[in-house]
Amino acid sequence: MTFAKSYEPGEFESEIYAAWEAAGVFKPSVSRVPTDDDGNGRDDREVLEKVSSRDGVAPARRHGRSAPHTSVVTSGSPRVTPFSSSSTFSIVMPPPNANGNLHIGHGLTVALEDSLTRYYRLRGLSSWYIPGADHAGFETWVVYERFLEKQGHTRFEFSRDELYARVWDFVAEQRGNMELQLRALGASCAWDDLTFTLDENVIDRVYSTFEKMWKDGMIYRGEKLVNFCPKHQTAFADIEVEHKDEKGTLWDIAYKIDGSSKKIIVSTTRPETLFGDAAVAVNPNGERYTDLIGKFVCLPLTDKKIPIIADEHADPAYGTGAVKITPAHDFDDFEVGERHNLPRLQVISESGKMINVPADYEGLSTEECRKKVLKDLKNQNLLRGEKKIVHSVAHCYKCGTTLEPMLKEQWFVDVEKLAAVAIKHLEAGEIKFYPENKCKVLINYLKGLKDWNISRQIPWGIAIPMFKKVDDAATDEPDWIFDRRTNLREIEKGGVRYVRDEDTFDTWFSSSHWPIVCTDWTEENFNPYYPLNVMETGADILFAWVARMIMMGLYVTGEVPFREVYLHGLVLDAHGQKMSKSKGNVINPMELVTRFGSDAFRLGILRGRSAGMNQAFSEDSVIAGRNLCNKLWNISRFVQGIVGEGSEPNTSFASSRRPVVTGGASSFAAAHANAYESSDSELYTTNAMGEDWICREINECLEQVERDMAEYRFAEAVETLYATIWDKYADWFLESQKLFKNVPLLKKTLETLIIALHPFAPFVTEAIWQNLSWTEGFVAAAKWPARLDFDPISAENFENIRTIVSEVRGTLQSLPGSNNAKKYGLLYDNDSLVKDNQMLIKALAKVPTINALDGAPRGLRLALANHELYLDVPEKVVSEYKEALTERILAVGRELDGLNARMMNPNYVAKAPEHLVKETKGAITEKEALIERLKQQLKLV
RNA sequence: GGGGAUUUAGCUCAGCUGGCUAGAGCGUACGAUUCACAUUCGUAAGGUCACAGGUUCAAGCCCUGUAAUCCCCACCA
């Protein structure tokens, strides 16, 4: 293969992914159940664990051979890895809707999760990224119902089982799309282990949990008010309800007091529910109505009599201080009703029509009824006032319909114990959160958690395994029994017939088992992948999902389901606005992948992002990512070109290590040449011409990336790699290598950078790896690079050369005229570094000549404290530069003043750490010298 | 009412345990150009770290208060 002039992602991506998959690169190496392949009667995983614990992670890189000299910098700081005690890394994918396309949030999720997975795979852990697909109960149901409507059908033409079968086929037809998109994003997941939320093992596990809870008395059937969508004909959990502020009216209605001519005025926003009133409440502490407590009022428009009760719920300061209580149609009133044992009369049906009301009103919609009630009250002079107010109203998060509080028999989970256990473990710090504060937020939520309604009246979901007795004869039997045979509508047990509850589980009830079912956790066997190392998901479903996984994990397995939680925020558009179809600012991740490549998308979306924050995203960052891919491609093309040349006769260490240096430079280089054996036994040498320096920089980069990844600082890791590859490797090291070609080192350093970037940009790094002549296997299965050995003094020398070169370039730019770099040579005096590295400096600074100063100083002296260097410019130009020089002297003077002021402060000298004081002293000496030289220069001018 | 965040360059964001002249990408300006890459190279400009106090030898960072923006939960007869 050859390197094209630029990287074209489209030519490689699908092929590369297919090759990875075929080679089984994404499969974890450690099995999830105990194995005993070697027949020694012990679980082989223990052995593996010991082997891999020193693998890649340990700083011991040199194999048996002693260092060339003692000053070699090795990385002394301990590796930061959250999983150092384990040989496995496991993470589950929050299952995308099996029926849908991936959106930008999925793009971010995959970029984050896959980077982690690939990183830990390279680090030598048996990594398992488990993919999933969600039946997305309600979401998919809404889509399917719309589809039915389009075909002129309604759900009521079919039985529950028929509907289930139809949706199954509908989803099966659509499925696969999202899986292809995950592949296009480079998700390195174990496809064989894909879990669908309606898989048999999921349903089994959910039933087992439900049964356990049933036996533990945590499941109860309750007639409670639930938020009910009249359009979708289903109830919701509290968390699914969307509250919106709306304008409404507060009406004052007079209720006549029984046996008196007096009336009591109540305020309500829902006059139509008055038929369901069970009482009028007044505050027990208010003095206004004390004498009325215990009396009865006559409900208007009907002849019913209801009591006046005392309850805290009535706020004496609000409205008239008296409130009508409708237990069947208001959440607060329901609670009041419970306290006072009031009857619950349902007056609105599930389809939103009036029932159990006088004939005139029967069958009206709530809205029609409201109008009629108001009209009739007005006619009887019972309507005493109205006021416009703003109050929040519950809406269906899918269709926007106003939700109706509805009295329904539903299955509830008593969450008290679940929440208490979860809080205990959270407070013990067993799960680390990124961002940290979410732990507190979660605990706060759990403390106020109410019982969980798990019944949904939609067919597309897991059937609730509860059956109701139909035979009245056998009165001793319980009304409800648990049974797993939900494929049957009716079962018989002990001669008694039972019929299945038609409802299905709330999606979150099954989803809360996700870490358990995906890892195949069982009661019997130790599973090295449970708990998960990390749960990565959106911060918006902290309560809905993360909280429930924690409660369920603890309930089922006794352990927290994951050790760490990383929550990402929303991806906003370029202007920080929420993406929405109506605004038309939705970014489609797949389109970006097609246009710029998968890697570009991943690098782009990780940039400028930190845990838990809603942050902007735009094409610009993807373009920056694309450019980096192309840069790395061309770097590799360049290196391969050099390796190709050099490899023909002999690539051994001796022959390639001849710097092409003229003048006196080679002596310095030779004196500072160091030979090293890298960890894979390939020899390389280094010299002062940027070679030791690049090793140092790469080591620092690795160090930084490892630290960042341990703390989920993806954006920082990417930025570090970007700067190292581009600003350091390409701009300085490769430029230097155009003069001094060190083939083994070029190979070694390039490999290192390619592997380090691989977690974030898997495709381009693999494309390069496959294109290079000397690499083997897949970079996706490579080993995380060890630190490079180098000579720190030599590295620091190159740092000085960079300073000199930068100063030359800057000064040349600021001189009047154009093309200065071509016009003026560089003169040095008494400077061995420059003398020994003339060729390099000349090439990097792009000056025409470098010569020793002959005779008196001339030209323009460079503002470097420790080097005596002159740009050989004519007097005229120097004098034009005078102003800039004066400005420079003033600037340095200001810095010097600041430093001096600090040293004059006795408290600073006494209290600041010694090394800082020493540094300050050093800086003062340097600045003073610099100022002195600049002043001399000015005098010359 | 309860809880959680944000405010740093024109834009989007870093800035870790308080420590040298507060950084990056994009954008802008100026310059370069056969020899890996115009998806390029070089140089530069651009900051009252929201505001006001305080602690400290030293504050973008810690403390107190203020303002603006945003999110979540609960309630709203």
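Just the heavy atoms: all of them, side chains too, but no hydrogens, waters or symmetry mates, feed the values below. Letters go in sequence order (proteins before strands), and every chain restarts at 1.
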> Rounded off to whole Å, could you give me the NZ-to-P distance for the Lys447(A) and G4(B) pair?
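So the two atoms are 12 Å apart, to the nearest Å.
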> Just compare G42(B), A74(B), U40(B) and give me whichever is closest to any side-chain atom of Trp726(A).
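It is U40(B).
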> Side chain of Lys5(A), base of U39(B): donor and acceptor closer than 3.5 Å?
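No pair found.
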> Of the nucleotides U39(B), A14(B), G42(B), which one has an atom closest to the side chain of Met613(A)?
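It is A14(B).
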> Between the side chain of Thr268(A) and the main-chain N/O of Arg270(A), is any donor-acceptor distance below 3.5 Å?
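Flag set: sc Thr268(A) to bb Arg270(A) pair under 3.5 Å.
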> Can you tell which of C16(B), G31(B), A14(B) lies closest to the side chain of Glu716(A)?
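Minimum distance to the Glu716(A) side chain belongs to A14(B).
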> Taking CD1 from Ile587(A) and P from U12(B), how many angstroms apart are they, rounded to a whole number?
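Taking atom P of U12(B) as the reference, CD1 of Ile587(A) is at 14 Å.
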> Rounded to whole angstrom, note down the P distance from C41(B) over to A5(B).
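Comparing P positions in C41(B) and A5(B) gives a spacing of 41 Å.
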> When the nearest nucleotide of RNA chain B is assigned to Val241(A) and to Tyr7(A) on a heavy-atom basis, which residue is associated with the more 5' position?
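The answer here is Tyr7(A).
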> Please state how far atom CD in Gln813(A) lies from atom P in C30(B), giving the value in whole angstrom units.
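Value for this atom pair: 12 Å.
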> Just to be sure I understand the rule, does Gln615(A) reach a base, reach only the sugar-phosphate, or reach nothing, if contact means heavy atoms closer than 4.0 Å?
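If one applies the 4.0 Å heavy-atom cut-off, Gln615(A) turns out to touch the sugar-phosphate alone, with no base involved.
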> Could you tell me the separation between the NZ atom of Lys823(A) and the C1' atom of A32(B), rounded to a whole number of Å?
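Answer to the nearest Å: 14 Å.
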> Which whole number of Å gives the distance between the P atom of G53(B) and that of A14(B)?
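Here G53(B) and A14(B) have their P atoms 28 Å from each other.
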> For the P atoms, the ones on G23(B) and on A45(B), what distance do you get once it is rounded to whole angstrom?
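Looking at atom P only, G23(B) and A45(B) are 12 Å apart.
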> I'd like the P distance from A9(B) over to G3(B), given in whole Å.
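The same atom, P, in both gives a distance of 31 Å.
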> Quantified in whole Å, what is the P atom distance between nucleotide A58(B) and nucleotide G2(B)?
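My reading of the P atoms in A58(B) and G2(B) gives 37 Å.
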> Would you please confirm or rule out a distance under 4.0 Å between OP1 or OP2 of C41(B) and any side-chain N or O of Lys631(A)?
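Yes, Lys631(A) has a side-chain N/O under 4.0 Å of OP1/OP2 on C41(B).
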> Is atom NZ of Lys583(A) surrounded by more than 12 heavy atoms (other residues, nucleotides or ligands) closer than 6.0 Å?
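Yes, NZ of Lys583(A) has more than 12 neighbouring heavy atoms, counting only those of other groups under 6.0 Å.
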> Classify every nucleotide of nucleotides 22-28 of chain B by which part a protein heavy atom approaches to under 4.0 Å, writing B for the base, S for the sugar-phosphate alone and - for neither, in 5'-to-3' order.
--SSS--
> Can you see whether Lys324(A) engages Thr326(A) through a side-chain donor-acceptor pair at a distance of less than 3.5 angstrom?
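Result is yes, a qualifying pair exists.
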> Using a 4.0 Å heavy-atom cut-off across all strands, classify Ala574(A) as base, sugar-phosphate, or nothing.
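Since only primed, P, OP1 and OP2 atoms lie under 4.0 Å of Ala574(A), the category is sugar-phosphate.
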> Sort by first number and list every stem of RNA chain B: at least 3 consecutive Watson-Crick or G-U wobble pairs, both distances under 3.5 Å.
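B:1-7 with B:67-73, B:10-13 with B:23-26, B:28-32 with B:40-44, B:50-54 with B:62-66 - these are the stems of 3 or more pairs that involve RNA chain B.
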> Under 4.0 Å between any heavy atoms, over every strand shown, what does Phe543(A) touch: base, sugar-phosphate, or nothing? Just pick one.
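Sugar-phosphate: the residue Phe543(A), judged by heavy atoms under 4.0 Å, touches backbone atoms but no base.
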> Is Gln737(A) touching bases, backbone alone, or none of the nucleic acid, heavy atoms closer than 4.0 Å?
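Nothing, no heavy atom under 4.0 Å.
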> Is Asn630(A) near enough to C37(B) that one of its side-chain N or O atoms lies under 4.0 angstrom from OP1 or OP2?
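Answer no for this pair, as no side-chain N or O of Asn630(A) is under 4.0 Å from OP1 or OP2.
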> Does a donor on one side chain and an acceptor on the other come within less than 3.5 Å for Glu404(A) and Thr402(A)?
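Note: Glu404(A) and Thr402(A) side chains miss the donor-acceptor criterion.
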> For Arg902(A), report the nucleic acid contact type (base, sugar-phosphate, nothing); a contact means any heavy atom under 4.0 Å.
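Sugar-phosphate contact only - Arg902(A) comes under 4.0 Å of backbone atoms but never of a base.
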> Side chains of Arg707(A) and Gln704(A): donor-acceptor distance under 3.5 Å anywhere?
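On atom types as modelled, these side chains qualify, holding a pair under 3.5 Å.
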> Do Arg548(A) and Trp452(A) form a cation-pi contact, if we require the NZ or CZ to be under 6.0 Å from the six-membered ring centre and within 45 degrees of the ring's axis?
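Output yes; distance and angle both within limits.
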> Can you check the Leu812(A) CG to G42(B) P distance for me, whole Å?
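Value for this atom pair: 15 Å.
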> With a non-hydrogen cut-off below 4.0 angstrom, is Leu250(A) in contact with a base, only sugar-phosphate, or nothing?
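Sugar-phosphate, backbone atoms only, no base.
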> Assign Lys387(A) to base, sugar-phosphate, or nothing according to its heavy-atom contacts below 4.0 angstrom with the strands shown.
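Contact class for Lys387(A): none.
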> Could you give the distance separating G4(B) and A74(B) at their C1' atoms, to the nearest angstrom?
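To the nearest whole Å, 15 Å.
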> Side chain of Ser610(A), heavy atoms from C-beta onward: which of C16(B), C41(B), A14(B) has the nearest atom to it?
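Among the listed nucleotides, the one closest to the side chain of Ser610(A) is A14(B).
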> Nearest of U43(B), A36(B), C16(B) to any side-chain atom of Glu735(A)?
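So the side chain of Glu735(A) is nearest to A36(B).
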> Quickly work out the Lys842(A) NZ to G42(B) P distance and round it to whole Å.
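Value for this atom pair: 20 Å.
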> Could you state the NZ-P distance from Lys846(A) to C35(B), rounded to the nearest angstrom?
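Spelled out: NZ on Lys846(A) to P on C35(B) is 12 Å.
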> Just checking, any donor-acceptor pair under 3.5 angstrom between side chains of Tyr729(A) and Thr724(A)?
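Their side chains do not contain a donor-acceptor pair, so the 3.5 Å distance test is not met.
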> Go through U21(B), G4(B), U12(B) for me and flag the one nearest to the Ala616(A) side chain.
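Ranking U21(B), G4(B), U12(B) by closest atom to the Ala616(A) side chain puts U12(B) first.
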> Taking the six-membered ring of Tyr434(A) as reference, does the cationic atom of Arg713(A) (NZ for Lys, CZ for Arg) lie under 6.0 Å from its centre and within 45° of its axis?
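No, Arg713(A) does not sit over the ring of Tyr434(A).
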> I would like to know whether Lys447(A) and Glu427(A) meet salt bridge (Lys or Arg N to Asp or Glu O under 4.0 Å); could you show each step before the answer?
CA-CA 12 Å; Lys447(A) 282 183 175 164; Glu427(A) 281 177 343; 3.6 Å; yes
> Answer with base, sugar-phosphate or nothing: what part of the nucleic acid does Pro913(A) contact at a heavy-atom distance below 4.0 Å?
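Counting heavy atoms under 4.0 Å across all strands, the contact made by Pro913(A) includes a base.
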> Mind checking the P distance from C16(B) to G60(B)? Whole angstroms is fine.
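Between the two P atoms, the distance is 12 Å.
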> Between Asp252(A) (side chain only) and Ile265(A) (backbone N and O only), is there a donor and an acceptor less than 3.5 Å apart?
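Here the side-chain-to-backbone pair does not exist.
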> Using a cut-off of 4.0 Å on non-hydrogen atoms, how would the nucleic acid contact of Lys438(A) be classed: base, sugar-phosphate, or nothing?
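Since no nucleic acid heavy atom lies under 4.0 Å of Lys438(A), the category is nothing.
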> Testing the 3.5 Å rule here: is there a donor-acceptor pair between the side chains of Tyr722(A) and Asp727(A)?
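Looking only at side-chain atoms, Asp727(A) and Tyr722(A) do not form any donor-acceptor pair under 3.5 Å.
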> Name the closest nucleotide to the Tyr908(A) side chain, picking from G19(B), G42(B), U40(B).
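From the listed options, G19(B) comes nearest.
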> Can any side-chain N or O of Asn634(A) pair as donor or acceptor with the backbone N or O of Asn630(A) at less than 3.5 Å?
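Pair found, side chain donor or acceptor close to backbone of Asn630(A).
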> Both Arg609(A) and Arg626(A) contact RNA chain B. Taking the nearest nucleotide for each, which residue is further toward the 5' end?
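Its nucleotide being nearer the 5' end, the pick is Arg609(A).
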> Taking Thr811(A)'s backbone N and O only, do any of them form a donor-acceptor pair with Ser814(A)'s side chain (distance below 3.5 Å, no angle check)?
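Side chain of Ser814(A) to backbone of Thr811(A), a donor-acceptor pair under 3.5 Å: yes, one is there.
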> Would you mind classifying the nucleic acid contact of Asp333(A) as base, sugar-phosphate or nothing, using non-hydrogen atoms under 4.0 angstrom?
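Nothing, no nucleic acid heavy atom in range.
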> So, does Arg713(A) get its side chain near the phosphate of G15(B), meaning an N or O under 4.0 Å from OP1 or OP2?
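It does, given that an N or O in the side chain of Arg713(A) lies less than 4.0 Å from OP1 or OP2 of G15(B).
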> Without decimals, in angstroms, what is the distance between Leu446(A) CG and G4(B) C1'?
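It is 15 Å, rounded to the nearest whole Å.
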> Taking the same atom, C1', in U55(B) and in U12(B), what whole-Å distance lies between them?
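Those two atoms are separated by 34 Å.
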